[in-house]
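Both backbone and side-chain heavy atoms feed into the values below; hydrogens, waters and symmetry mates do not. The chain is numbered in sequence order, starting from 1.
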Amino acid sequence: MNLNQIFNNLETPLSEKKINFEQVPNLDGVYVGKRFGDFPVVFFKSDIFNFIGIPNEKFSNIKISRGVNNIISILDRQVCGPFFSFELISTNSNLVQSFFTLISDLINFYSLHPDNFKIKGYIEDIENLFVDCVEILDDEVVGLFGELLLIHSSLDRNRILDFWHLPLNARFDFSSGFEKIEVKTTSNLIREHYISLEQIQSGDDMDVLICSIMVKRVHHGGGKSINDLINEISSNLDEIHLKKFDEVIREICKGLDVSYKFRDYKFDLDYSINSIMFFDTNVLPKIDVSSLPEGVSQVKFKETLDEKYKLNLSEFSILPDELFSVVKFD
């Protein structure tokens, strides 16, 4: 079975709305297609290849869809959906062969074991091929997840809520007198964050820590969503702190399209917890505020947080009953 050869023999459609198809020989219900721009797509007839439980996913370079209702026209006959489809949406021609190799393995395995749950493993392999191409997640969504994770993993969930920000435009996410924490979360593969000069220029009147958290989407099973963290945190709060927690969440959610993201965004909790690092802003490289032209304000810059700048707790004093005393640093 040479899916790539079938694809190469197809003519390129002249319209963005058209797809040219060819059935895979000796295999009913599987079709290789070519979209406008030479993008490959493979369709599986749903009543033959049952992929119930596999979600729709869209990455930067690949799209997986379930329940597609296209009508496939081949010569003098038409085949109606629904279909399950894999579509490569990358212009990188080097990915085409790998794409078809994985799809071929999927077809061979599924043909022999149509009821075997391991089918999901092949789909995960296809996703993992493009793991470094997955779209960067919404900053507000991962930002909220990071703040909730700090609360979730704290030594005292009630107490840390005393220091959580209200109003939402507060300078720092967590604040108690001289002690401040700003949570920075990224779904990138590099620990780099946008930091405001105002936050990092802490001065002698306060101790400011950056809490850096890496996040990674989980697409099949396991993981924790923002909603999961909210529910778990809420179940451990007393009445007073639950009221404040609900208030902050309600205010945050007013500006987020959370109905979709709460339901579908699952994160690898262990990965994020193990990634947590704290950085003392006093030792981080920073812009010299005195070098800024007059009238320039609200400066933000991207900083790569090297592990060599990681907070050394042995050199840091922690006051009882203050913010740092309820934060789990390791």
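- The two residues Asn188 and Met214 have their closest heavy-atom pair at O-CE, 3.7 Å.
- When all heavy atoms are compared, the tightest approach of Asp246 to Ser234 is OD1-OG, 4.4 Å.
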Walk me through whether Ile195 and Glu182 qualify under side chain to side chain contact (heavy atoms under 4.5 Å, CB included). CA-CA 9 Å; Ile195 302 175; Glu182 179 66 15; over 6 Å; no
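- A donor-acceptor distance shorter than 3.5 angstrom exists from the side chain of Arg159 to the backbone of Asp321, with no hydrogens or angles considered.
- Tyr271 is not connected to Ile213 by any chain of hydrophobic side-chain contacts under 4.5 Å among Ile, Leu, Val, Met, Phe, Trp and Tyr, and they are in different clusters.
- Between Ile19 and Phe39 there is no side-chain heavy-atom pair separated by less than 4.5 Å.
- Annotation: Asp238, atom CG; neighbour count of heavy atoms from other residues, nucleotides and ligands within 6.0 Å is above 12.
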Assess the residue pair Leu148 and Ile230 against the criterion (side chain to side chain contact (heavy atoms under 4.5 Å, CB included)); give the C-alpha distance rounded to whole Å, side-chain angles, the decisive distance to 0.1 Å, and a yes or no. CA-CA 7 Å; Leu148 291 173; Ile230 289 175; 3.9 Å; yes
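- You'll find the side chain of Leu323 stays beyond 4.5 Å of the side chain of Lys180, heavy atoms only.
- Aromatic ring centres of Phe329 and Phe278 lie closer together than 6.0 Å.
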For Glu322 and Phe178: C-alpha separation, side-chain torsions, deciding distance, then whether side chain to side chain contact (heavy atoms under 4.5 Å, CB included) applies. CA-CA 9 Å; Glu322 294 298 323; Phe178 297 124; over 6 Å; no
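- Between Phe44 and Phe86, the ring planes lie perpendicular to each other; the angle is over 60°, past the 30° to 60° tilted range.
- If you take CD on Glu179 and CZ on Phe172, they are separated by 12.5 Å, rounding to the nearest 0.5 Å.
- What you find for Phe7 and Gly33 is that their closest heavy atoms are CD1-O, 3.6 Å.
- Leu155 and Leu319 sit in two unconnected hydrophobic clusters of ILVMFWY residues. Membership requires side-chain heavy atoms under 4.5 Å apart, directly or through other members.
- The aromatic rings of Tyr31 and Phe21 stand perpendicular to each other, their planes meeting at an angle above 60°, with 30° marking the opposite boundary.
- At least one side-chain heavy atom of Lys34 sits less than 4.5 Å from a side-chain heavy atom of Pro13.
- Side-chain contact between Asn4 and Phe99 is absent, with no heavy atoms from C-beta onward closer than 4.5 Å.
- With a 6.0 Å radius and a threshold of 12 heavy atoms from other residues, nucleotides or ligands, Ile273 has its CD1 atom above the threshold.
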